[in-house]
Chemist: 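Can you read through this structure? Questions will come right after.
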Amino acid sequence: MIPRLPSYPMPQPSAFPGNRAAWTPDPQRAALLVHDLQSYFLNFYDTTQPPIPDLIRHVQALLDHARRAGIPVVYTAQPGDQTPADRALLTDFWGPGLRAEDVQTRIHPAVAPQPGDTVLTKWRYSAFKRSPLEEQLRAWGRDQLLICGVYAHIGCLLTAAEAFMLDIQAFLIGDALADFSEADHLQALRYGAARCAQVTGTAALLSALTPAGAGQWTPERLRAELARHVDLDPAELHDDDDLLALGLDSIRLMVLVDTWQADGLPVTYADVAAAPTLRGLLERIGAGAPA
Ligand SMILES: C=C(O[C@H]1C=CC=C(C(=O)O)[C@@H]1O)C(=O)O
């Protein structure tokens, strides 16, 4: 069975191993894989403690960006009540596995699939086993797989290894993974970087996936993006409206700040929390007064 999993600090990009390959993430070639982020697997952690809050926040930023950039989003989710025949040797290591109850099999609500995403049933450590994942990537013309989720040294790493053997460039997003321990997490990154994958961090990946110039956060673009997240038409969002009072929640704000930082904007969550208005944000990033 899976043990209770300890809290440990999310590994930072500064601690990532050096990569042997020099692959460049390409928004036209990549697909994002959200690996087994089901409540069953997350509930072995205290999800309020590191690394889980960072995991969720980074996966949200990756999902946000992928969906806006037209990068296919693929989830894997293991089925509940697997028969002994289907589960086979997994039973010898992990017992009967998930029950067929939504509270276990559901993908964590904070990173839930949305219309247009693909959800694949997961039968073995590798997401490619007994799954149409390879065929789907070929059909999409995608030969890069960006991997986030749990557990780093098990399914995430072995999916990366099988991608490698299928001539698909695998990217392990080191601060958008979680594992049984910090040691297991770092060992997975070391093995991946040395043998089959490219290890990267969320901010660097988002920046690499953002075409030059697309990061131009003009006042108009900022107004439109903020209005979208508070369900307003851009024209209805006034420069001094309190965005938090309008319903922009803190998690969404963190995701937006991650995106703005990945685009090179000099803004922090604390900046925005201190002045949660369009005017305050524009002044912070030096874009002058709102249009
Ligand atoms: C989340 C994963 O599920 C595997 C690991 C532990 C328990 C499992 C199980 O109960 O079936 C899975 O085989 C993974 O592949 O990283």
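Atom set for the values below is all heavy atoms of this structure, side chains included, hydrogens, waters and symmetry mates excluded. We count ligands from 1, going down the list as the structure has it; atoms in each ligand are counted the same way.
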Chemist: Sequence neighbours excluded, which residues qualify as ring-ring contact (aromatic ring centres under 6.0 Å, His included) partners of His58?
Modeler: none

Chemist: Taking all heavy atoms of Leu133 and all of Leu145, pick out the closest pair and write down the distance.
Modeler: CD2-CD2, 4.4 Å

Chemist: Can you name the side-chain hydrogen bond (donor to acceptor under 3.5 Å, both in side chains) partners of His35, sequence neighbours left out?
Modeler: Lys122

Chemist: Note every protein N or O atom lying under 3.5 Å from an N or O atom of ligand 1, pairing the names and giving the distance.
Modeler:
residue	atom	partner	partner atom	Å
ligand 1	3 (O)	Gln78	NE2	2.9
ligand 1	10 (O)	Arg87	NH2	2.9
ligand 1	11 (O)	Gln78	OE1	3.3
ligand 1	11 (O)	Arg87	NH1	3.0
ligand 1	11 (O)	Arg87	NH2	3.1
ligand 1	15 (O)	Gly155	N	3.3
ligand 1	16 (O)	Tyr151	N	2.9
ligand 1	16 (O)	Gly155	N	2.8

Chemist: Please determine if Glu220 and Arg223 form a salt bridge, counting it only when a charged side-chain N lies under 4.0 Å from a carboxylate O.
Modeler: no

Chemist: Can you run down the ring-ring contact (aromatic ring centres under 6.0 Å, His included) pairs that involve residues 147-175, sequence neighbours left out, and say none if there aren't any?
Modeler: Phe41-Tyr151, Tyr151-Phe180, His153-Phe180

Chemist: Which pair of non-hydrogen atoms, one from Asp26 and one from Gln144, has the smallest distance, and what is that distance?
Modeler: N-OE1, 2.8 Å

